[in-house]
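Scroll down for the structure; my scribbles are underneath it.
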Amino acid sequence: MADGKQILIREVAPRDGFQSWPDFVPTEQKLEVIRLLLAAGVREMETTSFVSPKAIPQMRDAAQVLAGVPRGGCTHGPLVPNLKGAALALDSGADKLVVVISVSDAHNLANVRRTVKESLADLKSIFDLARERGKPVAGAMAVAFGCPYQGDVPEDDVYRLAEAYISGGAASIVLADTTGMATPPRVVRLVRGFTRRFAGVPFSLHLHNNRGTAMANLYAALEAGADTFDAALGGIGGCPNVPQAAGNLATEDVVFMLEDMGCDTGIDLMKIIAAAQRLEAILGRTLPGQVMKSGPRDPKLAAAICAAAH
Ligand code: COA
Ligand code: ZN
């Protein structure tokens, strides 16, 4: 048991989930889901992304979403792919920026139409701007555990990108398994390697479940010392620029397991389940989350959840 270990869950459904949903989710419905997440106790969120509306039309309301979220108690960190996105996000009131660069050239070209080197050339101006506005930057690394185009991604390439982020001034790092290629030993190796090289730098694991390994990967990372995880309400999500995109770890599933292990996520399980069920009603399709269907361990509460889910 984990004896009250504090875990930070970075909620990514409003960005990773809504960006990949086939239909545009209306702004007011996005905001309703965000309000439910906040009420359940979410303290950090990728609230939206400031990206080209031609590339990702689902995120074209980024400024309205950020303007509409209730403030206080939660860090709103939208994802940005370039300087233009960083400037728009800061002008729209972002608390933090999450810059994304892929570890492989092949995925970076597919996602943001640039090589890694070209993306890195933008980095200094993004850090300078964020510093000017007093906002922290997280450096997200897509395909850190394997690339759907290139295959294996050398660990040294991960550390090189991390080094560029951290020496540039990144306050934290996101190690992303964008297409669910990780398995527990790979996760343990990268977590240990990262913490050895960059001791004290906070990092999050962003684990997709394409091959059913995401929860096992989370457990392995936890055992290796990780304390921050990305998760998406209902298990929605997926990069639109990869084949076989599939969902994130479901927030309510992660909360269920971690709290039962004795960790403290700060998130109310019943409220996050209710939020996932509301999300499912809004989206009109069965979502991958499990605990939103089976409920918590308490049989009476579980029966109530099952009744609501059917
Ligand atoms: N936000 C809004 N608009 C942006 C933008 C941003 N961050 N970056 C560029 N644009 C606009 C430009 O102003 C330009 O608009 P115009 O055609 O009206 O003049 C247009 O997009 C093209 O700009 P350009 O710099 O040539 O970009 P591109 O076409 O090479 O695309 C990206 C590069 C990075 C903007 C685009 O690929 C993108 O937004 N990718 C995001 C992918 C993503 O979100 N993936 C999932 C998350 S990992
Ligand atoms: Zn993702």
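Note that ligands are numbered from 1 as they come in the structure, with each ligand's atoms numbered from 1 the same way. Keep in mind that the numbers below use all heavy atoms, side chains included, and drop hydrogens, waters and symmetry copies. Everything numeric here is computed off the predicted structure, so don't read it as measured data.
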Just let me know how [X] lines up against ligand 1, side chain, backbone, both or neither, with a heavy-atom cut-off below 4.0 Å.
X: Ala55; result: side chain
X: Arg114; result: neither
X: Arg15; result: side chain

Open item on the list: Under 4.0 Å, counting heavy atoms only: does Ala62 come that close to any atom of ligand 1?
Closed with: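 Distance cut 4.0 Å: Ala62 fails for ligand 1.
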Open item on the list: If we only consider heavy atoms of Met59, is any one of them less than 4.0 Å away from an atom in ligand 1?
Closed with: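 Per 4.0 Å heavy-atom rule, Met59 does not contact ligand 1.
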- [ ] Take Ser119 and Asn108 through the test side chain to side chain contact (heavy atoms under 4.5 Å, CB included) and record every step on the way to the result.
- [x] CA-CA 8 Å; Ser119 281; Asn108 210 54; 3.0 Å; yes
- [ ] Among the N/O/S atoms of Asp16, select the one at the shortest distance from the Zn ion (ligand 2) and name it.
- [x]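 The nearest such atom is OD2.
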- [ ] Give the name of the N/O/S atom in His208 that lies closest to the Zn ion (ligand 2).
- [x]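 Of the nitrogen, oxygen and sulfur atoms in His208, the Zn ion (ligand 2) lies nearest to NE2.
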- [ ] Identify the residue among Thr178, Asp230, Asp177, Asp16 that makes a side-chain hydrogen bond (donor to acceptor under 3.5 Å, both in side chains) with His208.
- [x]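 With His208 as partner, side-chain hydrogen bond (donor to acceptor under 3.5 Å, both in side chains) holds for just one option, Asp16.
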TODO: Pull out every atom of ligand 1 sitting under 4.0 Å from any heavy atom of Val112, numbered as shown with elements.
DONE: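 Counting atoms of ligand 1 from 1, those under 4.0 Å from Val112 are 33 (C), 34 (C), 37 (O).
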Open item on the list: Need the ligand 1 atom indices (1-based, order shown) with element for anything under 4.0 Å from a heavy-atom of Pro53.
Closed with: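 Listed by number with element, the hits are 2 (C), 3 (N).
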- [ ] For residues Phe194 and Phe203, establish whether the separation of their ring centroids is below 6.0 Å.
- [x]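 Yes, the ring centres sit under 6.0 Å apart.
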TODO: Please check if any side-chain donor atom of Thr265 sits under 3.5 Å from a side-chain acceptor atom of Glu259, or the reverse.
DONE: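 Yes - a donor-acceptor pair under 3.5 Å links their side chains.
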- [ ] Indicate whether any N or O donor in one side chain lies under 3.5 Å from an N or O acceptor in the other, for Thr183 and Asn217.
- [x]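 Looking only at side-chain atoms, Asn217 and Thr183 do not form any donor-acceptor pair under 3.5 Å.
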- [ ] May I ask you to check if ligand 1 and Phe50 share an N or O to N or O distance below 3.5 Å?
- [x]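 Yes; at least one N/O pair falls below 3.5 Å.
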